[in-house]
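This is the structure I want to talk about, given as structure tokens.
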Amino acid sequence: MNRPKNEKTKLTAARAGCYLVLGILCFLCLFFFYMLLINASRNTFQIQQGFSFLPGKSFLTNLQNLLANGNIPVLSGIFNSFFVSALTAALATYFSALTAFGIYAYDFKLKKAAFAFILLIMMMPTQVSALGFVNEMDALGLKNSLIPLFLPSIASPIVFFFMKQYLDSSMPMEIIEAARIDGSNEFYTFNHIVLPVMKPALAVQAIFTFVSAWNNFFVPALLLDSADKKTLPILIAQLRSADFLKFDMGQVYMMITIAIIPVIAVYLFLSKYIVRGVALGSVKG
Amino acid sequence: MNSENSPRKRKSISYAKWGYLFIAPFFLAFLVFSLIPLCSTIYYSFFQYFRSGLKIIGPNFVGLKNYITLFQADLPKYLGNTLLIWVIGFIPQIFFSLLLAAWFTDLRLRLRAQGFFKTVIYMPNLIMASAFAMLFFALFSDNGPVNGSLISMGLIRQPFRFLASVAGTRGLVAFMNFLMWFGNTTILLMAAIMGVDPGLYEAAEIDGASSRQMFWKITLPLIRPILAYVLITSLIGGLQMFDVPQILTNGTGSPDRSVTTMIMYLNNHMYSKNYGMAGAVSTVLFILCSVLCFLVYVNMTRDNDSGEKRKRGARH
């Protein structure tokens with residue numbers, strides 16, 4: 001009689017310990033973003049006094065000051081970031097699905113080699129070829145353009161791999177063969193039959209590629225010079241190298257908020273699918 | 001339809017061209033935007049080619065001179081910085097990820113609100129790293145709110161200058177890396193643990209094994225391929241470390257270049273238009289990453305051959 005009770009208290013204690021650790025980790029994850037939002041609503045003087053868990057009243061003032069600040073073209077920054085990220089997401093998902101389908105559905109001599117090659121380069125960072133890339137874009141007259149920021153995403157090995165996994169698990173070849181019998185051309189079949197089947201995979205990968213393009217800093221910073229072409233991460237860097245202490249801190253927090261909050265807002269709506277996508281995407285088999 | 005074999009054979013001949021056509025855009029884009037740039041990057045690394053004032057010096061072929069300069073001068077220091085900061089962040093990352101993944105999948109514990117916890121711990125992964133670093137810079141600066149709060153609580157009298165101390169700056173970078181990646185790793189490891197045959201745990205339970213024993217004797221050995229995958233991909237990610245230290249230190253890597261990473265070094269050379277040296281740094285990085293990519297490839301393909309059936313079955 002004593003033993004089960006003992007076991008039960010032990011389990012409760014273990015559970016309490018788990019929740020405590022989880023609570024601390026969640027606090028760490030949320031605290032900084034909560035402080036960001038609070039500080040975006042306070043003025044410089046209040047911010048320097050330390051943390052507060054209550055918002056101030058300067059949210060709109062900070063926003064107006066930031067938008068009126070001629071040194072930081074926020075609106076065009078948001079537009080550029082959005083433009084590049086949306087096109088990246090569209091190109092990466094469409095062409096990765098196309099490539100994956102090409103390898104999944106057809107038999108050709110180089111099929112195995114092509115697949116092995118993509119797996120080999122999958123984790124290669126783009127930074128290793130950044131020097132040649134920037135020079136090549138310069139030679140093509142694309143140095144100060146947004147095109148080199150989204151066009152390379154046609155070749156996105158990681159997205160390809162996810163799409164290939166998805167096809168392996170949920171695309172029956174019978175459907176494609178049925179379409180052939182109905183006289184559908186292969187390209188038409190891909191666009192009108194395969195893509196709809198892949199919708200869940202496309203959606204998850206569109207989010208991931210959008211976010212990584214939105215956050216991308218290294219290559220855009222090397223390519224873009226003129227103020228009207230800059231994306232948000234470059235503006236953040238510019239904010240950092242500006243003479244910081246003279247700066248209005250409320251505007252700094254507001255700028256960070258603008259860069260971060262859209263992603264968090266979308267995430268909170270779709271977190272279930274995103275978390276599932278993480279689990280599916282990288283586990284092999 | 002009746003005879004399955006013969007039409008398929010004919011198909012494989014007549015449809016092959018579609019396969020090539022469908023994968024062509026990928027390989028074309030890869031050629032133009034990655035392969036050619038990579039080759040020219042490696043090519044530049046053998047030349048003296050830089051800007052001095054308004055004059056462009058070179059390109060003059062110098063063989064391996066750039067590499068010799070690189071290894072004699074700063075590269076070991078910056079590679080060391082990169083790896084050190086990565087390790088400081090990775091140890092707590094893998095520790096907490098394993099711990100949380102084991103807890104979330106523990107059948108006896110049956111933790112609640114798992115969806116909420118997973119959502120929260122994964123969130124920092126999606127944050128713009130440069131904005132996150134800017135946030136930390138603002139919060140941890142000498143007269144920022146962290147110091148303000150510590151002083152008003154009476155814990156310290158003088159502001160602690162986080163960004164003037166080597167340990168403080170490296171610690172902050174590593175802490176941010178930890179915070180951004182432990183949720184992602186937790187989810188990966190959870191998926192791996194849930195792929196383990198549940199029968200093994202049931203058998204162990206009947207034999208009276210404790211949760212701890214099951215973790216060390218069953219879970220850990222069976223998820224080793226995925227642990228290796230996490231380790232290698234995290235190392236590749238660590239070698240790319242740039243946004244956070246760049247923004248946090250405004251590109252200086254201060255104090256005393258102790259947080260200057262490989263990519264920051266590359267960025268400095270590209271910014272000052274020293275193409276020869278930038279090419280050499282890139283090539284060294286390329287060689288390091290090639291080895292790691294090859295390991296990922298071996299890990300994935302070997303795993304697919306042996307464990308495919310078991311995992312497929314278990315995932316549904």
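Proteins come first, then strands; the chains are lettered A, B, ... in the order of their sequence lines, and each starts at number 1.
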- Message: Is B:T283 close to chain A through its backbone or its side chain, or both, or neither, when contacts mean heavy atoms under 4.5 Å?
- Response: neither

- Message: Please give me the minimum heavy-atom distance between B:P37 and A:S129, naming the atom from each residue.
- Response: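 For B:P37 versus A:S129, the nearest heavy atoms are CB-O, 3.6 Å.
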
- Message: Under 4.5 Å from any heavy atom of chain B, what part of A:K272 do you find: side chain, backbone, both or neither?
- Response: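 For A:K272, there is no contact with chain B at all, as no heavy atom is under 4.5 Å.
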
- Item | Residue A:M255 versus chain B: region with a heavy atom under 4.5 Å |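 Neither part; nothing is under 4.5 Å.
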
- Grab the two heavy atoms, one from B:P124 and one from A:C29, that are nearest each other, plus how far apart they are. CG-SG, 3.8 Å

- Message: Can a donor-acceptor pair be found, under 3.5 Å and without considering hydrogens, that links the side chain of B:S149 to the backbone of B:V146?
- Response: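 Not at all, since once roles are kept as given, no pair shorter than 3.5 Å links the two residues.
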
- Query: Contact part of B:L248 toward chain A, heavy-atom cut-off under 4.5 Å: side chain, backbone, both or neither?
  - Reply: backbone

- Query: Checking B:N125 side chain against B:N184 main chain: does a donor-acceptor pair fall under 3.5 Å?
  - Reply: no

- Residue from A:P233, A:A100, A:C18, A:A14 scoring the most non-hydrogen pairs under 4.5 Å with chain B is A:C18

- Taking the six-membered ring for Trp, are the ring centroids of B:F96 and B:F182 within less than 6.0 Å of each other?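 When the ring centroids of B:F96 and B:F182 are compared, they turn out to be at least 6.0 Å apart.
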
- Using non-hydrogen atoms only, which part of A:I274 is less than 4.5 Å away from chain B: side chain, backbone, both, or neither? side chain

- Message: Please verify the inter-ring angle class for A:Y267 with B:Y122; under 30° counts as parallel, over 60° as perpendicular, anything in between as tilted.
- Response: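 Plane angle between 30° and 60°, so tilted.
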
- Contact origin within B:V296 toward chain A - heavy atom pairs under 4.5 Å: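 For B:V296, side-chain heavy atoms alone lie under 4.5 Å from chain A.
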
- Per-residue contact mode, B:T233 against chain A (heavy atom under 4.5 angstrom):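 Just its side chain gets close to chain A.
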
- Query: Looking at the rings of B:F27 and B:Y20, which for Trp means the six-membered one, are their centres under 6.0 Å apart?
  - Reply: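 No - the distance between ring centres of B:F27 and B:Y20 does not fall below the 6.0 Å cut-off.
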
- Query: Quick one: what part of A:L28 sits under 4.5 Å from any heavy atom of chain B, side chain, backbone, both or neither?
  - Reply: both

- Query: In terms of heavy-atom proximity below 4.5 Å to chain B, should A:N216 be classed as side chain, backbone, both, or neither?
  - Reply: neither

- Task: Let me know if B:I127 has heavy atoms under 4.5 Å from chain A in its side chain, its backbone, both or neither.
- Result: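 Both parts, backbone and side chain.
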
- Taking the inter-plane angle between the rings of B:Y49 and B:Y275 on a 0 to 90° scale, is it parallel (under 30°), tilted (30 to 60°) or perpendicular (over 60°)? perpendicular

- Proximity breakdown for B:Y43 and chain A, heavy-atom pairs closer than 4.5 Å: neither

- chain B: which of A:S96, A:P148, A:P157 shares the most heavy-atom pairs with it under 4.5 Å?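 With the most close heavy-atom pairs to chain B, the winner is A:P157.
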
- Query: For A:Q127, is it the side chain, the backbone, both or neither that has a heavy atom under 4.5 Å from a heavy atom of chain B?
  - Reply: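 Both parts, heavy atoms under 4.5 Å.
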
- Would you confirm whether B:N250, through its side chain, and B:T252, through its main-chain N or O, come within 3.5 Å as a donor-acceptor pair? no

- Engaged part of A:V263 at the chain B interface, taking heavy atoms whose separation is under 4.5 Å: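 Only the side chain of A:V263 comes within 4.5 Å of chain B.
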
- Of the backbone (N, CA, C, O) and the side chain (C-beta and beyond), which part of B:L266 lies under 4.5 Å from a heavy atom of chain A, both, or neither?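 The answer is the side chain of B:L266.
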
- Item | chain B contact via A:S212 - which portion, at a heavy-atom distance below 4.5 Å |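 Neither part, no heavy atoms under 4.5 Å.
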
- Query: Using non-hydrogen atoms only, which part of B:V230 is less than 4.5 Å away from chain A: side chain, backbone, both, or neither?
  - Reply: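 Interface part for B:V230: neither.
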
- Contacting region of B:T249 [heavy-atom separation from chain A under 4.5 Å]: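 For B:T249, the contact with chain A is made by the backbone alone.
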
- Task: Select one option (side chain, backbone, both, neither) describing which atoms of B:F33 are under 4.5 Å from chain A's heavy atoms.
- Result: both

- What part of A:L222 lies closer than 4.5 angstrom to a heavy atom of chain B: side chain, backbone, both or neither?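 Side chain only.
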
- Under a 4.5 Å heavy-atom cut-off, does chain B meet the side chain of A:F51, its backbone, both or neither?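 Answer is both: backbone and side chain atoms of A:F51 are under 4.5 Å from chain B.
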
- Task: Side-chain contact test, heavy atoms from C-beta onward, threshold under 4.5 Å: evaluate it for B:M134 versus A:Y253 and give yes or no.
- Result: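 No, every pair of side-chain atoms sits at 4.5 Å or beyond.
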
- Message: For B:I121 versus A:C26, what's the shortest heavy-atom pair and its separation?
- Response: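 So the two residues come closest at CG2-SG, 4.4 Å.
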
- Task: Specify which of B:V120, B:L21, B:L28 makes the most heavy-atom pairs with chain A at under 4.5 Å.
- Result: B:V120

- Query: By a 4.5 Å heavy-atom criterion (distance strictly below it), what part of A:L110 contacts chain B: side chain, backbone, both, or neither?
  - Reply: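 Both parts, backbone and side chain.
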
- Does A:F218 offer a backbone N or O that forms a donor-acceptor pair with the side chain of B:N267 under 3.5 Å? no

